[in-house]
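The next block holds one structure in the form of C-alpha cells; read it before the comments.
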Protein chains: 2
Amino acid sequence: MARRSDHSREEIREMALAAAEEIVSEHGHTGLSARKVASAIGYTVGTLYLVFDNLDDLILQVNGRTLDRLHAQMVKEQARYRDPRKRLLQLGHTYIHFADKDPHCWEMIFERRSPQAQKMPEWFREKVARMFSLVESGLEPLAEHQSSQEIAQAARALWSGVHGICILAITGKLDIAGVESVQDLTQSLMSNYLRGFTST
Amino acid sequence: MARRSDHSREEIREMALAAAEEIVSEHGHTGLSARKVASAIGYTVGTLYLVFDNLDDLILQVNGRTLDRLHAQMVKEQARYRDPRKRLLQLGHTYIHFADKDPHCWEMIFERRSPQAQKMPEWFREKVARMFSLVESGLEPLAEHQSSQEIAQAARALWSGVHGICILAITGKLDIAGVESVQDLTQSLMSNYLRGFTST
DNA sequence: ACCTGAACACCGTTCAAGT
DNA sequence: ACCTGAACACCGTTCAAGT
C-alpha cells in the first residue's frame with residue numbers, strides 16, 4: 001500500500017485515470033469499479049474520493065480524455081487530404097475507425113449513468129462542441145450557397161448520422177459484417193446527404 | 001408474500017415484466033434491480049430466477065416489448081398519410097416522438113449490459129429487422145431506379161441517422177433545445193438524404 | 001412442488017481512526 | 001496531513017431448507 005506523500009494529488013489522479021482507461025478499454029464500462037481502480041494503482045478506495053467527487057466524476061474525466069484522443073485523430077487524419085469533399089468524408093471514416101478500435105471507451109461517452117439528466121460541465125460541453133466545429137469547418141467549402149445556420153444544422157445531422165451507424169453497428173443491430181460494410185454505409189450516408197444538401 | 005400457486009409461471013412472468021417496465025420508465029435502467037422487481041410483485045428475488053435466466057434475460061424481454069410498442073406506433077402513425085414521402089418522414093418523426101415520450105425504456109434497448117459481445121437471440125433480431133423492413137417499404141415507392149440492395153442500404157443509413165439524432169439529443173450532446181428542434185433536424189437529415197438518394 | 005431467505009461475493013460512498 | 005479500512009446500504013446469483 002502506498003503511504004503518505006508517495007504521490008502528489010495530481011499523480012494519483014493521473015494514475016487513476018490511466019488505470020480506469022485500461023480497465024474500460026479491456027472489459028467495458030461494466031467492468032469498471034472504484035475498488036478495481038484503487039487496487040490497480042495501489043491505493044484504497046477511500047483515496048479515490050479525495051481526488052474525485054465520485055465514480056461518475058472519474059468516468060466523466062475519462063470520457064473527456066477519450067474525446068481528446070478522438071479529436072486529435074480526426075484532425076490528424078483529415079490533414080492527409082486537400083480535396084474538401086475527401087476531407088469531410090475522412091472525418092466520418094476516422095470516427096468509425098476510432099469506435100471500432102476502442103469500442104468500450106467510445107461507448108462509455110454515450111452511456112447514461114446518473115438517473116437524473118445531469119448537466120454536463122462546461123469543459124465537457126466544449127469538447128463535444130469542438131467536434132461539431134470540425135464538421136462545420138469541413139462543410140463550409142462545400143456549401144457556398146448556404147447560411148451558417150444551415151451549415152450548423154447540416155453538421156449536426158451528419159455527425160448524428162455517422163454516430164448512429166457507429167452505435168448500431170457496435171451493439172450488433174445493423175446486421176452487417178465487418179468494418180468495411182460500416183465504412184460503406186457511412187460513405188453512403190454522407191455522400192447522399194451532401195448531394196442533397198448542396199443541390200439546394 | 002405470495003405463496004404456492006397464487007400465480008402461474010406465466011402470470012409471475014407478466015407481472016415481473018410490467019413492474020420492470022414501470023421502474024425503468026420512471027427511474028431509468030440504473031434504477032432497475034432484481035430485488036426491486038421482486039418486491040414490486042410481492043415475491044422474493046429467488047422467484048425471479050425460476051422465471052428468467054438472469055437480470056439480462058429480463059431486460060431483453062422488456063426491450064422486446066418496447067420494440068413491439070415502437071413498431072406498432074410507427075405502423076399506426078404512418079397510416080395517417082398516403083403520400084409516400086410523407087409516410088416515410090412520418091416514420092422518423094414517430095421514432096423521435098417515442099424516444100422523447102419514454103426515453104428510459106428506449107435507451108435501455110441500446111445499453112450494453114454484458115461485458116462480452118453477447119449474441120442476441122433470433123426472436124430479438126427479428127424485431128429489429130422488422131423495423132428496417134418498415135423503412136425499406138417506405139423507401140421503395142420513392143426509389144424506382146434503385147436496386148433492392150441499394151434500398152436496403154439506404155434504409156440502414158436513414159434509420160441509423162434518425163437513431164443517432166435521437167440518442168445524441170437524449171444524452172444532451174446536440175446542444176439544441178426542445179423536441180421541435182430535434183424533429184427539424186430529423187426532417188433535414190431525411191429530406192436531404194432522400195434528395196441525394198433519388199437524384200442518382 | 002413452489003417459494004423462501006440466508007449466504008456469497010461483489011458494489012459506491014463515508015468517515016472515525018491510525019501513522 | 002494523508003491515507004486506511006471498516007462500516008453501511010446496496011447489488012446479482014445460488015441453493016439448502018421450509019411449507
Side-chain angles (χ1 to χ4, degrees), chain A residues 1-17 19-24 26-63 104 108 111-116 118, chain B residues 1-17 19-24 26-63 104 108 111-116 118:
Chain A
M1 282 300 150
R3 289 214 152 272
R4 302 266 168 159
S5 316
D6 274 7
H7 305 96
S8 72
R9 227 58 159 193
E10 257 324 304
E11 283 173 326
I12 292 179
R13 194 187 160 82
E14 177 58 35
M15 288 159 67
L17 289 176
E21 253 167 15
E22 194 180 321
I23 293 170
V24 173
E26 266 184 60
H27 305 98
H29 82 280
T30 47
L32 185 72
S33 80
R35 280 174 168 86
K36 280 183 194 162
V37 172
S39 93
I41 65 172
Y43 279 84
T44 338
V45 226
T47 307
L48 283 184
Y49 288 82
L50 299 172
V51 182
F52 301 100
D53 295 343
N54 47 44
L55 196 65
D56 282 342
D57 180 31
L58 188 153
I59 288 176
L60 194 71
Q61 310 293 331
V62 173
N63 285 344
H104 292 143
M108 194 166 71
E111 215 72 51
R112 279 254 270 201
R113 296 257 327 161
S114 324
Q116 66 272 39
Q118 82 287 28
Chain B
M1 282 298 150
R3 290 212 151 272
R4 302 266 169 160
S5 317
D6 274 6
H7 304 97
S8 72
R9 225 63 157 190
E10 257 326 303
E11 284 172 327
I12 293 179
R13 194 187 159 80
E14 178 59 35
M15 288 159 67
L17 290 177
E21 252 166 16
E22 194 180 322
I23 293 170
V24 172
E26 267 183 61
H27 305 99
H29 83 280
T30 47
L32 185 72
S33 81
R35 280 175 167 88
K36 280 183 194 162
V37 172
S39 92
I41 65 173
Y43 278 83
T44 339
V45 225
T47 307
L48 283 184
Y49 288 82
L50 300 172
V51 182
F52 301 100
D53 294 342
N54 46 44
L55 195 65
D56 281 342
D57 181 31
L58 189 152
I59 288 176
L60 194 71
Q61 309 293 332
V62 173
N63 285 343
H104 293 142
M108 195 166 70
E111 215 74 49
R112 280 255 268 200
R113 297 257 327 162
S114 324
Q116 65 272 41
Q118 83 287 30

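In what follows, every chain begins at residue 1, and chains take the letters A, B, ... in the order their sequences are listed.
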In B/S/- notation, 5' to 3', how is nucleotides 8-15 of chain D contacted by protein heavy atoms closer than 4.0 Å?
---BBBBB
Among all residues two or more places apart in sequence or in another chain, which pass the side chain to side chain contact (heavy atoms under 4.5 Å, CB included) test with [X]?
{"X": "B:Ile12", "answer": "B:His7, B:Ile41, B:Tyr43, B:Thr47, B:Val51"}
{"X": "B:Ser39", "answer": "none"}
{"X": "B:Ala38", "answer": "B:Leu48"}
{"X": "B:Glu10", "answer": "B:Ser8, B:Arg13"}

Rounded to the Å, how far apart are [X] [atom1] and [N] [atom2]?
{"X": "B:Asp6", "N": "C:dA1", "atom1": "CG", "atom2": "P", "result": "18 Å"}
{"X": "B:Ile41", "N": "C:dT4", "atom1": "CD1", "atom2": "P", "result": "9 Å"}
{"X": "A:Leu50", "N": "D:dA1", "atom1": "CG", "atom2": "C1'", "result": "11 Å"}

Please identify each residue that fulfils salt bridge (charged side-chain N to carboxylate O under 4.0 Å, His left out) with B:Glu14, with sequence neighbours left out.
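For B:Glu14 the salt bridge (charged side-chain N to carboxylate O under 4.0 Å, His left out) partners, ignoring immediate neighbours, are B:Arg65.
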Quick one: salt bridge (charged side-chain N to carboxylate O under 4.0 Å, His left out) partners of A:Glu11, sequence neighbours excluded?
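Applying salt bridge (charged side-chain N to carboxylate O under 4.0 Å, His left out) to A:Glu11 gives none.
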Dot-bracket notation for DNA chain D, counting Watson-Crick and G-U pairs under 3.5 Å, with | for partners on another strand:
||.|||||...|||||.||
Among A:Leu60, A:Leu58, A:Ile59, side-chain contact (heavy atoms from CB on, under 4.5 Å) partner for A:Val62:
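Testing each of A:Leu60, A:Leu58, A:Ile59 against A:Val62, the sole residue satisfying side-chain contact (heavy atoms from CB on, under 4.5 Å) is A:Leu58.
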According to side chain to side chain donor-acceptor pair (under 3.5 Å), who are the partners of A:Asp57, at least two apart in sequence or on a separate chain?
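With sequence neighbours excluded, A:Asp57 shows a side chain to side chain donor-acceptor pair (under 3.5 Å) to A:Gln61, given in chain and number order.
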